[in-house]
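Presented below is the structure to which this report refers.
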Amino acid sequence: MSRRAVIELEEIYKRFYIGTPNELTVLNGINLTIYEGEFVAVVGASGSGKSTLMNIIGALDRPTQGRYHLDGVDMVAAKDRELSGIRNRKIGFVFQTYNLIAKTNALKNVEMPMLYGGVTGKKRVDRAKELLTMVGMEDRMKHLPEELSGGQKQRVAIARAMGNDPAIILADEPTGALDSGTGRMVMDLFHKLHKEQGKTIVLITHSPELAEETERVVTIKDGCIIGERQGTCV
Amino acid sequence: MMMFYENVRLALFSLKANKMRALLTMLGIIIGISSVIAIMTVGQSLTYTMTESMSSLGVNNITVGLQQKPQEEETTEEGMSFGGGMSRQMADEEDYFTREMLENYCETYEGSVVGISVTEGLGQSKLQDKGRYANVYVTGTSLGYFLANDMELQAGRYFSGTEMDEGRKVAMVSSIVVENMFGGDREEALGSVLQVNLGDKYFDFVVVGVYKYEQSAMGMSLVSEKDTQTDFYVPLKTAQGISHSEGFSQFTVITADGLDSDAFADTTASFFAPYYRNNRDFQPMAFSMASMVEIMSDMMSTITTAIAVIAGIALLVGGIGVMNIMLVSITERTREIGTRKALGAPNSAIRLQFIIESIVICLIGGMIGIVLGVVLGMSAANLLGASATPSMGSILLSLGFSMAIGIFFGYYPANKAARMDPIEALRYE
């Protein structure tokens, strides 16, 4: 069966302090292809390079060397200005620390990527309400982040990530700051997005149990992919 | 546009969240703007009042006087040179304008000259009669003087031509004198004889007219009305007879309406120039009241502007305060900036957000400052007795200026925010 590749990483290197005695190679020739509708976990200990990989996939950083295509766009050739547009339309970020904008209610937070994407007026508000309803936060749309629990904040963050219907959802330790109960709820939400909407999800985690739930587990160590196996969710 | 509205909303939001800080930040702008506005208001009100009261003295008037001739600088043995100030001399009797010159002048420009006002001060004196008294200043005048000063005659008449020509001892007194000496009875005052003491001599004057005393708009009298010194007018020739002087050191020409008094001042000066060709030290000069008023208001506005510029320094300090707070604000909100970038905000949007925030702070501060400045300026102007007019120009200028401060001092912090590395910003604790 031939599926469309959403993320294509070829021979990706990332080095820091280039040309100094402290030169550091964080990513050492990563080759990774993620297909449309896949739910992939990237696991690795801290310092393995998974955060750097996430930054590159998320268009926050550029590789020192290699080729990267996201949804058919050559990300290495793209200019900074184009990268912010790509982050806006093609990538939905979910962070460990939620990163909701303080003093701004849930609805406005969800509207934010659409605001930067140029979605206007009622269309934007309706879409934000629809997304908040989907994550079960319809009763707390006018609440400020300070008034929400961790799990609720993460659900708002997931709704926000979905704003512009991105090609991939990039979740960096989304349950890292949550207790196991609420963490479970958040994971269930990812499964729901994956199954019901066919979203491509890349989950970055250091937890083997969570990784196990996905379709494919990619293990990174010292900047290299050292193993790929199927998860339980196939 | 959407972005703009969102940013204004966001800026107001973040101000509301940090009320105390926002207020302190605005304080610099408020003080700066309000002092500029207050000073401009007071300055313009004073200028207006002064030019008004000067114009009431007659814009058609030309003052003619004597001026020292420019001299070659004298060099002392030590090689030091002295400017005019050191060798300044007083004009003497022989330098003065003579009656003959004035008569010639009046004949030559009959159509343009309405009258000539000449005064000869004789000094102050005290009128006394049966325990009653009045302080006066004895002044010899020409008929033109009454014309030039718009005096209101309350009773009696002005001096007649004969009285002027023959130098009779007649006088015009103020309403205050009538009040003090005759209990306000003008009829009794007219025709009465008043003894005036000048130097060590006594002179008897017959009162022929009473004029209405008006307090000058500029001077404020510190003494009671009873002690107020008023002018006691006598014919010019009478005064000159008493003082034994023949000439006039200066006089005022009342020109016909519609005449270009500026140009006529030059004509007047050149008319008198030939008389002084052989005078070693002095030359005639003439300037119109209109040009005086102009010079006065120019000077006032220069002073006002200079003080306003100094007050503007407070604005500069306020602007630096805004920049300081904006820098603190972006540091505090580093994660927010990182998040916004991750969500796809281009650098330009981040920059716009913080510049708008800075403009909003400055504009709100500016508006408060304008209200405060207008109130301050108007009450100060009222205290000084000037009619207060808040200057619309300076209000608009201040609004524009506070906006400019917002942009100028907001740009650097905003740009710093816009150029943050999103990865670093997201990781910031």
Side-chain angles (χ1 to χ4, degrees), chain A residues 14 16 51-52 54-62 79-105 108-125 144-146 157 160-164 166 170 172, chain B residues 1-22 325 328-354 356-357 360-361 414-429:
Chain A
K14 181 70 186 180
F16 292 101
S51 289
T52 307
M54 188 206 102
N55 287 339
I56 289 173
I57 292 175
L60 292 168
D61 205 353
R62 293 165 182 277
K79 296 187 181 76
D80 280 353
R81 170 102 210 177
E82 291 163 345
L83 286 185
S84 54
I86 288 163
R87 284 200 292 272
N88 185 246
R89 290 187 310 276
K90 295 193 187 289
I91 301 164
F93 284 94
V94 178
F95 302 97
Q96 178 176 2
T97 49
Y98 331 117
N99 284 352
L100 297 183
I101 306 294
K103 287 155 192 150
T104 306
N105 68 30
K108 291 282 177 193
N109 258 289
V110 176
E111 281 183 44
M112 198 149 298
M114 293 186 267
L115 176 73
Y116 289 123
V119 181
T120 51
K122 191 167 156 20
K123 215 166 137 193
R124 187 173 76 207
V125 178
L144 299 178
E146 314 60 313
R160 183 176 67 179
M162 294 288 291
N164 288 329
L170 199 54
D172 183 14
Chain B
M1 199 55 224
M2 204 62 209
M3 212 65 196
F4 183 79
Y5 164 75
E6 284 292 325
N7 277 322
V8 171
R9 196 189 58 86
L10 212 75
L12 290 173
F13 234 73
S14 99
L15 290 185
K16 228 165 43 182
N18 292 301
K19 283 193 202 74
M20 189 63 188
R21 189 162 86 186
I325 286 301
V328 171
S329 174
I330 66 155
T331 309
E332 270 183 7
R333 288 153 73 185
T334 301
R335 279 180 80 95
E336 175 189 326
I337 295 163
T339 307
R340 285 176 183 275
K341 288 194 159 193
L343 295 179
N347 291 357
S348 57
I350 304 280
R351 193 180 296 125
L352 185 69
Q353 177 189 341
F354 285 98
I356 287 178
E357 192 168 317
V360 167
I361 291 178
N415 204 39
K416 202 176 156 186
R419 288 163 67 168
M420 273 183 190
D421 177 5
I423 300 169
E424 295 289 324
L426 278 168
R427 222 182 268 153
Y428 186 84
E429 292 296 329

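Each chain gets a letter, A, B and so on, in the order the sequences are listed, and its residues count up from 1.
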Quiz prompt | Most chain A-contacting option - heavy-atom pairs closer than 4.5 Å, from B:Pro422, B:Ala342, B:Pro346, B:Ala349 | solution = B:Ala342
Quiz item: What's the shortest heavy-atom distance between A:Asn109 and A:Arg160, and which atoms?
Solution: O-CD, 3.1 Å
Exercise. Classify the side-chain pair B:Arg333/B:Ser329 by whether it contains a donor and acceptor separated by less than 3.5 Å.
Key: yes
Practice problem: Measure distances from B:Arg340 to the heavy atoms of chain A and classify the residue's part below 4.5 Å as side chain, backbone, both or neither. | Solution: both
Quiz item: Does one side chain, of A:Asn99 or B:Arg335, offer a donor that lies under 3.5 Å from an acceptor on the other?
Solution: yes
Quiz item: Does any heavy atom of chain A fall under 4.5 Å from the side chain of B:Ala345, the backbone, both, or neither of them?
Solution: both
Self-check item: A:Asn55, part contacting chain B, at a heavy-atom distance under 4.5 Å
Solution: side chain
Exercise. Please determine, by modelled atom types, if A:Lys90 and A:Asn164 share a side-chain donor-acceptor pair under 3.5 angstrom.
Key: no
